[in-house]
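Structure first, then comments.
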Amino acid sequence: MAANMSACLLALHRCCQYPALALVARRQWSSSPAPPPLHRRLLLFLTQQYSDIEMLISWSSRRTRKQLHKKNVYYGYTESFYGRDVASAYFVLRMKGTFRYVGQSEWYGADQRNKLGLFEDWEFLNYKERQLEEVDLSDTEINYTGLSNIEVQRSLKTLKVSHCPEVDDWFLEKLHIFEDTLEELDISHCPRITIGGLAALRNLKGLKRLNVSSLAKISNPGLVIILLEEMLPQCDITATGYKLDLDPVMDNEEEEEEEEMEKEKNLFQRWR
Amino acid sequence: MLPWRRLHGLLRPVLGAPSCAELNRRPCRTSGWFSTRSLSSGKPLRRDIFKGNKKAAEALPGSSWTPFEINPGLPPEMSDIVIVGGGVVGWSIAYWLKKKESRRGGVRVVVVERDPTYSRASTVLSAGGIRQQFSLPENIHLSLASADFMRNINEHLGVLNEDPVDLQFNHSGYLFLASEGVAHIMEENYKTQSDAGAKVRLLSASQLKHKFPWINTDGVVLASYGLENEGWLDPWMLLNAFRRKALSMGVIQCHGEVTDFKYSIQVLRNADGEEVTLKSVKSVKVQMPNSLEYQPVECAIVVNAAGAFSGKLTEMLEVGVGYGMNEIPLPVEPRKRFVFVVHCPDGPGLDSPFLIDYSGVYFRREGLGGNYICGASPEESKEPDVGDLEVDHQFFEENVWPSLASRVPAFEKLKVCSSWAGFYDYNTFDQNGIIGLHPNIRNMYLATGFSGHGLQHSPAVGRAVAELILNGKYQTLDLSAFSFRRIMKQEPVMERNIV
Ligand SMILES: Cc1cc2nc3c(=O)[nH]c(=O)nc-3n(C[C@H](O)[C@H](O)[C@H](O)COP(=O)(O)OP(=O)(O)OC[C@H]3O[C@@H](n4cnc5c(N)ncnc54)[C@H](O)[C@@H]3O)c2cc1C
C-alpha cells in the first residue's frame with residue numbers, strides 16, 4: 001500500500017516539476033501572495049504528515065541536482081584525448097548550444113531531433129587547434145561548473161546565455177576569465193541574476209554590448225541600468241522588458257507574450 | 001516529549017540513572033539529576049495545579065494572570081550537546097552536527113541564546129564581508145570552503161516548501177592597498193593566496209589608476225584585488241538561513257542566558273610533577289529571561305560560541321583561579337568597532353569594491369542609493385570603552401574621514417547618515433580563531449576569537465567543530481593550527497591582514 005502510494009506520488013511530483021520550473025521565472029513579481037497551487041499544497045500537507053514523502057522529495061531533488069551536475073561536469077576525458085578546444089566544442093554541442101569558430105562564418109549546433117545532427121561524422125574532432133569565437137548557450141542548463149569547460153577559450157568574443165535557469169551571480173563573477181576578449185554578453189531572461197552579480201561585470205572592461213533584458217530579480221531596473229552605464233561607459237546596454245515608469249512590476253501576460261516571441265526568434269536564429 | 005515528562009516521576013525508580021555520556025545513542029531523557037533538582041523540574045505538578053484551577057482562573061476578571069508562569073521556552077532537562085550562543089557560529093555548528101549525525105535524531109542539540117533580538121550580537125552588526133585575502137593558509141582555505149558553501153547555499157540550507165535562501169551576495173571583490181613599507185608583505189600574501197587556489201591579482205599603481213580611476217594612488221605602490229568569491233552579504237540572511245535549517249532538522253532553540261555551570265574537578269600530576277586540573281561540565285544553568293526561573297541542562301558536551309562574551313563564559317568555570325591557578329584563561333574579549341554610514345552621491349557607485357587602505361580605513365558600497373559604510377580599527381592604546389554600544393563621532397572626524405577623503409577624493413563631500421557599533425570577538429593573543437577543546441576542560445569545545453572575520457568563516461568553522469565532536473578529528477580542513485595548544489605554548493599564529 002505504502003509503496004503503491006509513494007509510486008503514484010512520485011509520478012505526481014514528476015508532473016509537478018515542469019510547471020514548477022516554468023513558474024520560477026514569474027514567481028518573483030507576482031504582486032499579491034497567491035496561495036500555492038493545489039498540487040504544491042497537497043505535497044506540503046503530505047510532507048508534513050509522512051516523513052518518507054519528505055525523504056522521497058528530497059531524494060528526487062537531489063537526483064535532479066546530480067543530473068545537472070553531470071551535464072556541467074568538467075570534460076576532462078575528452079580533453080585528454082582531443083585537446084582543450086575540442087572538449088569545449090563538444091561541451092557546447094552536448095548542452096544543445098551553438099558556436100562559431102574563429103575566422104569562420106558558419107555556426108555549428110546540435111539539432112534537437114537528431115542529437116548531434118550537424119556532426120554526424122564528428123567532423124569537429126579534427127579541429128583540434130581551432131578556438132571558439134562565439135558561443136550561444138541560450139536556453140540551456142549551463143551553470144557555474146559548466147563554465148570551466150569553455151574557460152580556455154581565449155578568443156571568445158560573444159557569449160549568449162539568455163533564458164538560462166542556472167545562470168546566477170556566481171556565474172557572472174567567473175566571467176572575468178574572458179576579460180581580455182569578451183565584447184558581447186547576453187544574459188537576458190535569467191531568473192537568478194541579481195544586482196550583486198551584475199556588479200561583478202565591472203571586470204569586463206572590453207565589453208561593447210550587454211543585454212540585461214527582463215531579469216526577474218532586479219527590483220529597480222531604472223536605477224540599475226544607470227549604474228551599469230556608469231560602470232561600463234563604453235558599453236551599449238540593452239534592457240527591455242522593464243516598465244521604467246512608476247512601478248517595476250511587469251504585466252504578466254504581456255511579459256509572457258514577449259517571452260514567447262523572443263523564444264521563437266531565438267529558435268529561428270539558431271536553426272536558420 | 002510532553003507525555004514523557006508526565007511519566008517522568010513514574011519511571012524514575014524503575015530506570016535509575018543511565019549515563020548520558022555517549023553520543024549517537026538515543027538521547028536519554030531520564031536523568032541522574034534528582035539530588036539537585038531545581039524549582040523548574042516541578043513542572044508536571046505545576047501543570048496539574050494549573051489545570052485544576054483553570055476554570056476558576058478563567059472566571060476571574062483579567063484572567064490572563066496566573067501565579068505560575070508557564071514558560072514555553074524552557075530548555076529540556078537533558079541534551080547531548082549544548083551550544084551557548086546563537087550567533088552565526090553557534091547555529092552553523094548546530095546545523096553541521098545535525099547534518100553529520102549518523103541517523104535522524106541521533107544527537108540532541110540545544111542552542112541557548114540570551115537575546116532573540118540579537119541587539120548586541122556581532123553577527124548582525126558586522127560589515128558582512130568575505131574575502132580570501134589573508135596571510136595564513138588556514139584562513140584562506142576557510143574562506144574558500146565558506147564561499148563554496150555559499151555558492152550552493154540552497155543545497156545546504158534550503159528547506160522544503162519554503163522560499164529559497166537569498167544571501168544578497170554582492171560580488172564586488174576586495175581591494176587591498178599597500179604602501180612601500182608593506183608591499184613585500186602583500187607580495188608574500190599574494191603567493192600564499194594563489195597557492196591555496198584563490199583568484200587574486202596584483203596591480204601596480206598605474207594599473208590601479210586605470211582600473212579604478214576614482215582612487216587617488218598617492219603613496220600606493222601595490223594593490224591586490226580579488227576576482228572571485230569576494231564581496232559582502234547580508235549577515236541576517238546567513239544567520240536566519242542557518243537557524244531555519246537547523247530548526248527544521250530538529251535542533252532545539254531556547255532563549256535564556258547561561259549564567260553558571262556545574263562541573264567536577266580532577267587534580268592530576270603530569271610527568272614533571274606539576275599539578276594539572278581537569279574540569280568537566282556536568283550541567284549548564286540556563287536563566288530564563290525576565291524571571292527568576294532557571295533550568296539546569298545536563299549535557300555531555302558544551303560548545304562555547306558566545307562570540308565576544310566567550311571569555312566571560314569560560315570565567316564561569318573559574319579558569320585561572322582557585323584550583324585552576326595554572327590554567328590559562330580564554331584570551332577573548334569584546335572590542336568595540338564603529339561603523340559609519342555615509343551618503344555621497346558622487347561616490348564610485350557600482351564600481352566600488354570593498355576597499356581596504358593601508359592606513360586601516362575601509363569602505364564599501366551599501367545598497368544602490370549612493371550610501372557607503374566605512375570604519376577603521378582604533379590604535380591599541382585608544383580602545384574605546386566596551387560597557388555600551390555608543391558611537392564616538394569624534395572618531396569618524398579624526399580617524400576615518402581624513403584618510404578616506406585623501407584616498408577617494410569624492411568622499412571630501414559626504415554626509416554621515418547613521419552609525420552603529422559592534423563588538424569584535426577579539427583574540428588578544430594572536431587575532432585568530434580558537435577552535436577545539438580547552439586543555440583544562442574535558443568537554444567544552446571552543447569556536448570563538450575570530451577577531452573580525454568570523455562571519456565569513458562560520459560555514460567552514462561549523463563543519464570543522466562538528467567533525468571534531470562527532471568524528472574526534474578534522475576530516476576536511478585541518479585546523480589544528482587554531483587549537484588552544486598554541487596559547488599554552490605561547491606560539492602565536494599571526495594573521496597579517498586584520499582589518
Ligand atoms: C563592526 C564589525 C564588522 C565586522 N565585519 C565583518 C566582516 O566584514 N566579515 C566577517 O567575516 N566578520 C566581520 N565581523 C566579525 C563577525 O561579526 C564575528 O566574528 C562573528 O559574527 C562572530 O559570530 P559569533 O556567532 O561567534 O558571535 P555573535 O554573533 O556575537 O553571537 C554570540 C551570541 O552569543 C550570545 N551569548 C553570549 N553569552 C551568552 C550567554 N552567557 N548565554 C546565552 N547566550 C549568550 C550573544 O547574545 C550572541 O547572540 C565584524 C564584526 C564587527 C563588530
Side-chain angles (χ1 to χ4, degrees), chain A residues 24 27-28 33 36 40-41 43-48 51 53-58 61-62 64-66 68-69 143-145 168-177 179 192-203 205 217-220 222-233, chain B residues 104-105 128 130 147-156 158-164 166-173 175 199-201 203 207 210-214 225-234 237 248-250 345-354 364-365 367-370:
Chain A
V24 181
R27 198 173 44 201
Q28 280 82 14
R40 292 199 56 193
R41 269 180 293 161
L43 271 178
L44 176 62
F45 171 75
L46 287 170
T47 49
Q48 283 164 351
S51 58
I53 292 179
E54 192 184 325
M55 289 289 287
L56 264 179
I57 292 181
S58 56
S61 77
R62 249 203 320 273
T64 326
R65 270 207 310 269
K66 235 185 183 159
L68 183 71
H69 181 73
N143 68 6
Y144 174 88
T145 321
D168 56 8
D169 296 342
W170 299 86
F171 182 98
L172 295 191
E173 180 189 59
K174 209 178 172 185
L175 289 179
H176 75 84
I177 48 183
E179 67 182 331
R192 291 170 64 174
I193 289 179
T194 72
I195 179 66
L198 292 178
L201 297 180
R202 79 195 173 288
N203 288 325
K205 291 286 185 197
K217 279 208 175 154
I218 303 292
S219 50
N220 35 4
L223 179 60
V224 168
I225 292 158
I226 294 172
L227 289 173
L228 275 178
E229 280 167 352
E230 255 173 34
M231 187 173 81
L232 299 166
Chain B
R104 238 183 188 196
I130 169 165
D148 194 58
F149 182 91
M150 290 174 194
R151 188 180 313 124
N152 302 309
I153 189 104
N154 277 300
E155 275 168 43
H156 295 284
V159 178
L160 205 65
N161 280 307
E162 299 235 13
D163 288 339
D166 178 7
L167 291 180
Q168 311 202 346
F169 200 108
N170 273 279
H171 299 261
S172 293
L175 179 65
K199 300 279 187 287
V200 179
R201 175 176 304 162
L203 303 171
Q207 281 171 322
H210 180 71
K211 207 168 168 64
F212 300 103
W214 42 267
Y225 175 54
L227 295 164
E228 283 184 32
N229 302 329
E230 293 198 347
W232 56 90
L233 53 106
D234 186 342
M237 295 292 176
S248 83
M249 293 167 100
D346 302 328
L350 210 52
D351 208 17
S352 73
F354 202 132
R364 73 159 168 84
R365 178 171 58 79
L368 301 175

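All of these numbers come straight from a predicted model, not from anything done at the bench. Residue numbering restarts at 1 for every chain, and letters A, B, ... go by the order of the sequence lines.
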- Item | Heavy-atom contact with chain A under 4.5 Å, split by part of B/Leu227 | both
- Item | Straight-line distance of B/Asn154 CG to A/Arg192 CZ, nearest 0.5 Å | 7.5 Å
- Closest non-hydrogen atom pair, B/Asp351 against A/Arg202: OD1-CB, 3.5 Å
- Separation between CG (A/Asn203) and OH (B/Tyr225), nearest 0.5 Å, reads 4.0 Å
- Is B/Arg201 salt-bridged to A/Glu179, going by a charged N under 4.0 Å from an acidic O? yes
- With chain B, the option among A/Leu232, A/Ile177, A/Asp169, A/Thr194 that has the most non-hydrogen atom pairs under 4.5 Å is A/Asp169
- Could you tell me which portion of B/Glu228 (side chain, backbone, both or neither) has an atom closer than 4.5 angstrom to a non-hydrogen atom of chain A? both
- Could you tell me how the ring of B/His171 sits relative to the ring of A/Trp170: parallel (under 30°), tilted (30 to 60°) or perpendicular (over 60°)? perpendicular
- Given B/Met150, B/Lys199, B/Lys211, B/Glu155, the one with more heavy-atom pairs under 4.5 angstrom with chain A than any other is B/Glu155
- Between B/Asp166, B/Asn170, B/Leu350, the one whose heavy-atom pairs under 4.5 Å with chain A are most numerous: B/Leu350
- Please flag which part of B/Glu230 lies under 4.5 Å from any non-hydrogen atom of chain A: side chain, backbone, both or neither. backbone
- Sequence neighbours left out, what passes side chain to side chain contact (heavy atoms under 4.5 Å, CB included) with B/Ser352? Give chain and number order. B/Trp214, B/Pro348, B/Phe363, B/Arg365, B/Tyr372
- Can you say whether A/Leu223 sits under 4.5 Å from chain B via the side chain, the backbone, both, or neither, judging by heavy atoms? side chain
- Item | Part of A/Lys205 within contact of chain B (heavy atom distance under 4.5 Å) | side chain
- Query: Which of the residues B/Gly349, B/Ala147, B/Ser172, B/Gly158 is involved in the greatest number of heavy-atom pairs with chain A at under 4.5 angstrom?
  - Reply: B/Ser172
- B/Trp232: what forms a ring pair (Phe, Tyr, Trp, His ring centres under 6.0 Å) with it, not counting sequence neighbours? none
- Query: Which bit of A/Leu228 comes within less than 4.5 Å of chain B, counting heavy atoms only: side chain, backbone, both or neither?
  - Reply: both
